[in-house]
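To start, the structure under review is shown below, and the notes come after it.
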Amino acid sequence: MARKLGLVSLFIGLALLMTGCFNIDEPIKAENGGIWDSFFVYPLSWLMTNIADALGNSYGLAIIIVTILLRILILPLMIKQTKSTKAMQALQPEMTKLREKYSAKDQQTQQKLQQEMMALFQEHKVNPLAGCFPILIQMPILIAFYHAIIRTPQINPDVDPTYTGAPQNFLWFELGSADPYYILPLVAGATTFIQQKMMMVQDNPQMRALMYIMPVMIIAFAAFFPSALALYWVIGNLFMIIQTYFITGPNVGKDNKEAKTGGAKTK
């Protein structure tokens with residue numbers, strides 16, 4: 001579990017590093033060179049622009065549609081991640097017994113615990129790190145979409161001094177600026193919490209800590225990033241919540257707890 005947390009932290013760090021390494025002050029155009037701009041950022045900007053034109057210049061609706069399209073694109077990976085989480089939760093009672101059996105902290109006992117854990121995973125054909133790989137796939141998409149948002153002049157006019165159009169508004173906020181009322185960041189944080197609560201193993205202290213840390217980080221980022229990116233997070237989270245509900249139910253960990261309690265009462 002610590003290894004999984006380390007991978008998540010590594011992915012977040014790489015995302016921040018990659019975001020800072022690219023030129024975010026240059027408007028995205030078809031003639032921009034380089035693999036990153038040509039094959040990642042510009043296609044997303046082009047897609048948003050064309051959808052917005054078809055919807056009466058509504059870039060807010062365009063961002064929502066592109067977000068849903070991206071989520072559908074990576075849906076097979078996310079289903080695999082969700083099923084992996086469900087399988088891990090189903091094994092929690094047996095994992096807890098192993099931790100109690102090998103509770104000593106000496107190196108030999110901990111090695112034996114790891115061996116027993118791996119044998120348990122192999123027996124049930126569960127990969128404890130399978131849930132991390134979709135995160136790795138999502139990172140370039142999220143960063144590219146972030147660049148597409150802040151480098152498309154129609155959304156963020158400040159990126160192009162020659163652009164004379166007005167800033168794009170959607171609902172109560174301006175897409176290229178942070179939400180002045182902090183409503184969208186709070187919704188992004190709340191939906192992140194709900195999503196993780198539905199997917200994470202509930203009786204693991206490390207994962208419970210991450211369940212609270214991640215929403216706070218999302219709120220902090222969304223409070224300063226363009227509202228268009230926060231809108232992407234909200235729609236993506238809602239998509240994931242609905243997906244998780246239909247694949248695993250509202251809380252598969254609760255099913256394990258009830259089954260264990262019911263078994264105890266029967267005895």
Listed partners of [X] passing side-chain hydrogen bond (donor to acceptor under 3.5 Å, both in side chains), at least two apart:
X    : result
Q154 : none
S38  : none
S227 : none

Partners meeting ring-ring contact (aromatic ring centres under 6.0 Å, His included) with F239 (sequence neighbours left out): none

Taking only residues two or more places apart in sequence, or in another chain, which ones meet F145 in a ring-ring contact (aromatic ring centres under 6.0 Å, His included)?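 Applying ring-ring contact (aromatic ring centres under 6.0 Å, His included) to F145 gives Y232.
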
Tell me who clusters with Y182, hydrophobic residues only, linked when side chains sit under 4.5 Å apart either directly or through other members.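 Members alongside Y182: none; it stands by itself.
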
Using side-chain heavy atoms (C-beta onward) and a distance below 4.5 Å, is [X] in contact with [Y]?
X    : Y    : answer
I65  : L55  : yes
V216 : F193 : no
Y42  : H147 : no

Can you measure from [atom1] ([X]) to [atom2] ([Y]) and round to the nearest 0.5 angstrom?
X    : Y    : atom1 : atom2 : answer
I28  : I150 : CD1   : CD1   : 10.5 Å
E100 : L98  : CD    : CG    : 9.5 Å
I63  : I51  : CD1   : CD1   : 10.5 Å
M214 : Q195 : CE    : CD    : 9.0 Å
L73  : R71  : CG    : CZ    : 11.0 Å
F225 : I218 : CZ    : CD1   : 9.0 Å

Side chains of residues 183-192: which donor-acceptor partners sit under 3.5 Å, not counting sequence neighbours?
{"from": "T191", "atom 1": "OG1", "to": "V187", "atom 2": "O", "distance (Å)": "2.8"}
{"from": "T191", "atom 1": "OG1", "to": "A188", "atom 2": "O", "distance (Å)": "3.0"}
{"from": "T191", "atom 1": "OG1", "to": "N237", "atom 2": "ND2", "distance (Å)": "3.0"}
{"from": "T192", "atom 1": "OG1", "to": "A188", "atom 2": "O", "distance (Å)": "2.7"}
{"from": "T192", "atom 1": "OG1", "to": "N237", "atom 2": "ND2", "distance (Å)": "2.9"}

Yes or no on salt bridge (charged side-chain N to carboxylate O under 4.0 Å, His left out) for R151 and D37, after CA distance, side-chain angles and deciding distance? CA-CA 10 Å; R151 296 174 62 187; D37 282 356; 2.9 Å; yes

By side-chain contact (heavy atoms from CB on, under 4.5 Å), which residues pair with [X], not counting sequence neighbours?
X    : value
A178 : none
N50  : W46
I242 : F246
K112 : Y102, Q115, E116

Closest approach of [X] and [Y], non-hydrogen atoms and distance?
X    : Y    : value
S45  : T152 : OG-OG1, 2.7 Å
M48  : A62  : O-CB, 3.4 Å
P226 : L175 : CB-O, 3.5 Å

Is the F173 to Y181 ring centre distance short of 6.0 Å? no

Measure up the W36 and F40 rings against each other and bin them: parallel (under 30°), tilted (30 to 60°), perpendicular (over 60°). parallel

I'd like to know if W233 and I213 are part of one continuous hydrophobic network [Ile/Leu/Val/Met/Phe/Trp/Tyr, side-chain heavy atoms within less than 4.5 Å]. yes

